[in-house]
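Worth knowing before you read on, the calculation uses all heavy atoms, side chains too, and leaves out hydrogens, waters and symmetry mates.
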Amino acid sequence: MLLPDDPARAFMPYPAVPVPNAPEGPLAGLTLGVKDLFDIAGYPTSAGSPTMLAMSGIKTRTAPTVQRLLDAGARFVGKTITDELAFSLNGRNAHFGTPLNGGAPERIPGGSSSGSASAVSNGLCDVALGTDTGGSVRGPASHCGLFGIRPTHGRISLEGAHDLSPSLDTCGFFTRDAVTFRRVAEVLMDEDAAALPQTPRLLLAADGFGLLDGEVVEALDEAVHQVEAVLGTGDAVEAAGDFEALYWAFRYVQGREAWEVDGAMIERHRPPLGPGVAERFAFAREIDDAQVENARAVRAAYRERLRGLLRGDAVLVLPTMPDVAPRLDEPEAALDRYRNAALNLLCLSGLSGFPQISMPLARRLGAPLGLSLIGPPGSDLSLVRLAERIAAGA
């Protein structure tokens with residue numbers, strides 16, 4: 001960690017190893033944090049697990065996406081804490097601690113990109129890389145008051161990063177402001193092959209808002225109006241069709257792939273997995289082939305449903321999370337209930353593979369609350385630029 005201090009406990013306490021960056025470029029002057037799933041030459045990669053850290057060794061090659069940011073002038077300042085094996089949405093790592101939520105210090109930061117969201121929200125770096133499988137960028141972005149993206153699946157390379165569920169994993173990032181968000185996106189992504197029109201059709205996920213308590217909907221009203229001020233009044237649609245079917249499809253696909261990635265290590269080394277993570281891997285181990293086959297069929301059908309709704313020229317507005325971040329003193333059972341409620345909203349982008357951006361447009365109970373846009377596959381840069389217009393009120 002190259003910072004002189006880490007008051008937010010956002011970074012892994014590795015011995016500082018300088019990482020070269022270009023002296024000039026589109027990101028010159030910006031500081032960079034990197035989730036400790038990505039390899040960086042001179043550092044180990046823990047994946048949030050002491051066992052994985054012990055097995056890692058010092059890496060000799062930097063992940064290409066990290067290198068792309070360095071080559072654009074960003075200056076690396078440290079590797080950020082991740083939830084254990086990236087299999088959580090809470091941001092509480094039983095081994096390495098809970099990074100501080102810069103938007104609401106008495107609340108969880110969200111995970112698994114907890115350290116990255118913490119570092120940016122506390123002003124310790126300007127941009128931080130994360131990964132998003134089930135919501136691990138979008139959730140912390142909402143909780144910490146940041147811009148965060150889950151891109152189209154495969155749009156940003158995850159080479160040199162530890163997997164969780166490869167058919168669902170994506171590489172995202174956080175910033176505090178929309179202009180920096182767009183600058184980073186333009187470095188990490190080529191121009192859209194399927195760009196949105198200047199003023200896309202606006203769809204409101206009525207069933208998504210219907211999952212929320214009335215006070216949360218009310219807190220998001222002004223943010224929805226902020227979007228409509230740019231795009232016009234939205235049309236209400238049923239975005240999911242069947243939330244329960246999608247929730248279980250997501251869990252079965254994610255669980256099966258997570259066990260395929262980490263199961264052999266868990267069975268061989270018996271690492272002391274933290275609360276919640278242990279239970280999710282136990283669940284994953286017992287998923288059967290019929291459940292996975294049905295889940296993949298549900299996913300394929302949903303992808304076509306959402307493609308039909310968006311038709312290449314529309315964006316869908318929905319709540320990022322069911323509420324503001326839970327308080328730090330919430331018991332594990334309450335956090336698990338919140339996680340399950342969140343997955344109903346988060347799995348729409350995850351199962352479809354379509355891009356989603358969380359924008360820090362609302363607050364409730366003194367804490368940040370995000371509102372999201374989902375766009376057609378491949379419309380990522382259009383979506384980022386649209387978020388910048390919405391944030392600016394233009």
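- Here Y302 pairs with nothing under the ring pair (Phe, Tyr, Trp, His ring centres under 6.0 Å) rule; sequence neighbours left out.
- Checking T320 against S358 by side-chain atom types alone, a donor-acceptor pair falls below 3.5 Å.
- F38 approaches V66 most closely through the heavy-atom pair CB-CG2, 4.0 Å.
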Which donor-acceptor pairs under 3.5 Å do side chains of residues 14-21 form with protein atoms, sequence neighbours excluded?
{"unit_1": "Y14", "atom_1": "OH", "unit_2": "D36", "atom_2": "OD2", "d": "2.5"}
{"unit_1": "N21", "atom_1": "ND2", "unit_2": "G73", "atom_2": "O", "d": "3.3"}

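- Counting only residues at least two apart or on different chains, the salt bridge (Lys or Arg N to Asp or Glu O under 4.0 Å) pairs with a member in residues 179-189 are R182-E186, R182-E388, E186-R385.
- Considering all non-hydrogen atoms of both residues, V277 and S88 come closest at CG2-CB, 4.5 Å.
- The pair D192-R155 counts as a salt bridge, with a side-chain nitrogen and a carboxylate oxygen less than 4.0 angstrom apart.
- Considering every non-hydrogen atom in both V317 and L202, the closest pair reads CG2-CD1, 3.2 Å.
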Worksheet item: Does the pair E330 and R327 meet the rule for a salt bridge (charged side-chain N to carboxylate O under 4.0 Å, His left out), with working shown?
Response: CA-CA 6 Å; E330 289 278 1; R327 295 182 63 87; over 6 Å; no
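- Salt bridge E332/R92: present, at least one basic N to carboxylate O contact under 4.0 Å.
- Ring-plane geometry between F87 and F281 is classed as perpendicular, the angle between the planes exceeding 60 degrees on a 0 to 90 degree scale with a lower cut at 30.
- For the pair D235 and R201, the salt-bridge criterion is not met [side-chain N within less than 4.0 Å of a carboxylate O].
- Using a cut-off of 4.0 Å between Lys/Arg side-chain N and Asp/Glu carboxylate O, E159 and R61 are scored as salt-bridged.
- Remark: E24 CD is loosely packed, at most 12 non-hydrogen atoms of other residues, nucleotides or ligands lying under 6.0 Å away.
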Discussion item. Go through it in stages, so that I can follow the logic: the residues are M359 and V227, the test is side-chain contact (heavy atoms from CB on, under 4.5 Å), and I'd like the CA-CA distance, side-chain angles, deciding distance and then a yes or no.
Written reply: CA-CA 10 Å; M359 305 173 290; V227 175; 4.2 Å; yes
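- Residue pairs meeting the ring pair (Phe, Tyr, Trp, His ring centres under 6.0 Å) criterion with at least one member in residues 155-175, sequence neighbours excluded, are F173-F181.
- For residues 346-389, no pair satisfies ring pair (Phe, Tyr, Trp, His ring centres under 6.0 Å), with sequence neighbours left out.
- The nearest pair of heavy atoms linking L129 to C171 is CD2-SG, 3.9 Å.
- In this structure, F250 has its ring center no closer than 6.0 Å to that of F243.
- Within 6.0 Å of CD on E244 lie no more than 12 heavy atoms contributed by other residues, nucleotides or ligands.
- Atom CD of E279 sits in a crowded spot, with more than 12 heavy atoms from other residues, nucleotides or ligands closer than 6.0 Å.
- For W259, the ring pair (Phe, Tyr, Trp, His ring centres under 6.0 Å) test picks out no residue, with sequence neighbours left out.
- Between the side chains of T31 and D126, at least one donor N or O sits under 3.5 Å from an acceptor N or O.
- Using a 4.0 Å cut-off between a side-chain N of Lys or Arg and a carboxylate O of Asp or Glu, D83 and R280 do not qualify as a salt bridge.
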